[in-house]
Undergrad: 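Handing you a structure now.
Predicted model, so just to flag it, every value in this text is computed and none were measured. Whatever order the structure lists them in is the order used to number ligands and atoms, beginning at 1.
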Amino acid sequence: MNKKGILIVLSGFAGSGKGTIIHEVLGRYDNYALSVSATTRAPRKGEVDGVHYFFKSEEEFKEMIAGGELLEYANYVGNYYGTPRRYVKEMLEQGKNVILEIETEGALNIKREYPEAVLVFVMPPSVEEIHNRLVNRGTETDEVIEKRMKKAGFEITVVDRYDYLMINDVLSESVELFNAIVTSQQMSVSRNRDYINDKKKEFEEYLNRKKEN
Ligand code: 5GP
């Protein structure tokens, strides 16, 4: 069967709980890798450089763009965010399913360049819940929360270009559903052409041997 990893893009409104789903997926299954993005956003309390993000100045970020180091990048509410190319490539070649936790513009760019990427959108159970989760997280000012809510209002308009939708209500169920999406993709005929061709050849050889005998 298909040995190469699958590129999975997970997007969702701020407060959708997508980060928690990813954390649980990485803890539960060993065939996933999470890409760490570069950003010009300032670290939040508790965020560690190289773990949550690679924190960059705008100048450093632009150098990464110019050097072709990013698979995609986008500007989100005033800051740049981008996916370093090399790690993703290496992990896919090792057979890991690589998760990119990125916003919609970057996601659609990935889909354009890598049509085989799987785009998953996570939503909380209600719009009110999005706002509540952002407020309860306590990491953002009211102004930034309003900007992120506005952005969410735009992001909902591009969800129909994604492949899968998940409503994140019960976390353990979301984790299993996420893995089910990826597993079913691994079993798809389109990702297993080489395997199928090998089997066709084996059959031909077998039937030829039978004829000879
Ligand atoms: P936050 O500031 O809350 O960590 O992230 C803001 C938004 O940027 C989220 O929707 C997150 O998924 C997205 N994001 C994080 N890393 C990347 C990236 O490498 N590329 C793009 N396009 N978006 C990203």
Undergrad: I'd like to know if the side chain of Asp163 reaches the main chain of Val118, judged simply by a donor and an acceptor atom lying under 3.5 Å from each other, with no hydrogens or angles considered.
TA: no

Undergrad: Looking at OG of Ser184 and CZ of Arg191, how far apart are the two atoms once the value is rounded to the nearest 0.5 Å?
TA: 9.0 Å

Undergrad: Between the side chain of Arg41 and the main-chain N/O of Tyr80, is any donor-acceptor distance below 3.5 Å?
TA: no

Undergrad: Please name all residues satisfying ring pair (Phe, Tyr, Trp, His ring centres under 6.0 Å) with Tyr164, sequence neighbours left out, ordered by chain then number.
TA: none

Undergrad: Applying salt bridge (Lys or Arg N to Asp or Glu O under 4.0 Å) as the test, list every pair that has at least one member in residues 194-208; sequence neighbours left out.
TA: Lys199-Glu202

Undergrad: For ligand 1, would you mind listing the residues that have at least one heavy atom less than 4.0 Å away, ordered by chain and number?
TA: Lys18, Ser37, Arg41, Arg44, Tyr53, Glu72, Ala74, Tyr76, Tyr81, Gly82, Thr83, Glu101, Ile102, Glu103, Gly106, Arg148

Undergrad: Which residues, ordered by chain and number, are linked to Tyr206 in its hydrophobic cluster, where ILVMFWY side chains connect at heavy-atom gaps below 4.5 Å, directly or through other members?
TA: Leu207

